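Take a look at the structure below.
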Number of protein chains: 2
Amino acid sequence: MIQAHAVRLFTERGYDATTVTDVAEAAGVSPMTVYRHFPTKEDLVLIDQHGQLVAECIAATPAAQPLVRRIGSALIDSATALTSGRHGNDLTADGRFLLARLRLMISTPALRAKHLDNHYALQQAIVTAIEDDATDPETTFHAQAAASACLAVLHTALTRWAEDDGRAELPDLIAKALAAAFGDDIVDTRRDSGRPQPAGSPTRLAGADPGDPRCVR
Amino acid sequence: MIQAHAVRLFTERGYDATTVTDVAEAAGVSPMTVYRHFPTKEDLVLIDQHGQLVAECIAATPAAQPLVRRIGSALIDSATALTSGRHGNDLTADGRFLLARLRLMISTPALRAKHLDNHYALQQAIVTAIEDDATDPETTFHAQAAASACLAVLHTALTRWAEDDGRAELPDLIAKALAAAFGDDIVDTRRDSGRPQPAGSPTRLAGADPGDPRCVR
DNA sequence: ACCAAGACGATAGTAACTACCAGTGCGGTA
DNA sequence: TACCGCACTGGTAGTTACTATCGTCTTGGT
């Protein structure tokens, strides 16, 4: 409730121009209560249900494949879970709320910075999920590099999704961005099994897609 | 001068436990003067001479190669320029200062967040440096994904370098991290020309360079 | 009806900034 | 030498995010 008012006010007046007191008044509570539920002003936008989701998806992914492909699949799967349920081309209320928060995150420096740092924490979670035993520093370094790269690509896809007002399918954008960074052969093509594809949605890249310009890269 | 005192105090007492007033007193100036030279407390650690450096290195890189390799080369080159000049195994004073700032950046959440956001700005600079003309959104998306991934890998390498107390060669670490994320064949092998290689340094990965087979990563 | 526990609120305080105005040293010009 | 503009510095007061502490109130279980 508090959060909804906060996101609305931030969107209307801007993040910096809105004080926590404003949010409290709009929500009909005292500033103290706001701070009790959301330790920082940034948390009014940035609550992160994404964290465990990705870690679980990692665990559910077969280990015998390249690191980047494994992490990429987990990211796509979690994004599918996050944005599932839309009516035709319209997002659900949840989806619209997510989009509004995402736009704030991208356009407001303070929020963007903290969000990127949250990704950094998520990176650590991914790395420990991948190597539940090994303590070889070289292996860890490997996993850190792969995970950080994948998360950066995820952020690029999220940005694009927000710019596109959520019209495109987020999992598709992530797959596309992964392919752009790591090569077309890195994206898992077997994921089509899940949710049926709305007609007219962007092409299902990966593998052989004759229309793909294959661009310079 | 102010900055040197700041980094020392932050390292000794911790970033959060040191106030700007403390820094001002240590430097023998008023808090006002500190704010005049460094708009925010974070800027006492995070001044970024890296920005233009990377953009210049991008411009100096041949365009006819995969994006990731091109950006990776630029990052390696700029790192070489940044850490050049060491006496035997010891860093110069500049190098030690850089390392101290890096350690603060990595261990302090607020600094880490802002640094990652600076990378985000750097990413935009790289993208515009790459496509000085094209406005095709797909191409831009491509470049965004590649640049963000490369910068994330750079951060991983920087972290490792700091953990290693700057003993390893930073350009080598970056090359290694790039290879870990994108595959051994992505790292440019022709960069050996510059500074002579200390004996016993890690192997110069990336097997040969068979004529640069134009993309497919 | 009573009691313990958690939720809420008010007050006061710290620290990072910002806006505004005043003093100080310094080179160039008459 | 006297004067003027200019850059640098400093002081004061205010805003805002956030914390600590304490008192109040509501709620659920017996």
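The analysis underlying the following values was restricted to heavy atoms, covering all of them including side chains, and did not include hydrogens, waters or symmetry mates. In what follows, chains carry the letters A, B, and so on, assigned in the order in which the sequence lines appear, proteins first and then strands, with residues in each chain numbered from 1. Since this is a predicted model, take the numbers as computed values, not measurements.
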message = Without decimals, in angstroms, what is the distance between A:Phe38 CZ and D:dA17 P?
response =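 From A:Phe38 CZ to D:dA17 P: 15 Å.
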d(CZ, A:Phe10; C1', D:dA17) in whole Å =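 Rounded to whole Å, this separation is 12 Å.
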inquiry  = Can a donor-acceptor pair be found, under 3.5 Å and without considering hydrogens, that links the side chain of B:Tyr15 to the backbone of B:Glu42?
reply    =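 Here the side-chain-to-backbone pair exists.
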Taking the side chain as every heavy atom from C-beta outward, state whether [X] and [Y] have any pair of such atoms under 4.5 Å apart.
X	Y	result
B:Glu131	B:Val127	yes
B:Val7	B:Leu44	no
B:Val153	B:Leu75	no
A:His142	A:Leu67	yes

Between the protein and nucleotides 23-26 of chain D, which nitrogen or oxygen pairs come in under 3.5 angstrom?
none

query = So does B:Asp16 pair up with B:Lys41, basic N to acidic O under 4.0 Å?
reply =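 Here B:Asp16 does not pair with B:Lys41 in a salt bridge, since their nearest N and O are not under 4.0 Å apart.
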key: Electrostatic pair B:Glu138:A:Arg160 at N-O distance under 4.0 angstrom   =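 Looking at A:Arg160 together with B:Glu138, the answer is yes, because their closest N to O distance falls below 4.0 Å.
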task = Calculate, to the nearest 0.5 Å, the distance between atoms CG and CG belonging to B:Asp165 and B:Leu99 respectively.
result =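 Reported value, rounded in 0.5 Å steps: 6.0 Å.
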task = Kindly state which residues belonging to residues 103-119 of chain B come within less than 4.0 angstrom of DNA chain D, counting heavy atoms of the residue only, listed by number.
result =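 Residues of residues 103-119 of chain B under 4.0 Å from DNA chain D: none.
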ask   = Considering the options B:Lys114, B:His115, B:Arg112, which one meets the side chain to side chain donor-acceptor pair (under 3.5 Å) requirement together with A:Asp117?
value =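 With A:Asp117 as partner, B:Lys114, B:His115, B:Arg112 yield a single side chain to side chain donor-acceptor pair (under 3.5 Å), made by B:Arg112.
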request  = Check each of B:Ser148, B:Cys57, B:Cys150 against B:Ile71 using the side chain to side chain contact (heavy atoms under 4.5 Å, CB included) test, and report the only one that passes.
outcome  =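 The single option meeting the side chain to side chain contact (heavy atoms under 4.5 Å, CB included) with B:Ile71 is B:Cys150.
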task = Sugar-phosphate means primed atoms, P, OP1 and OP2; the rest is base. With that split, encode nucleotides 6-18 of chain C 5' to 3' as B, S or - using protein heavy atoms under 4.0 Å.
result = --BBBB----SBS
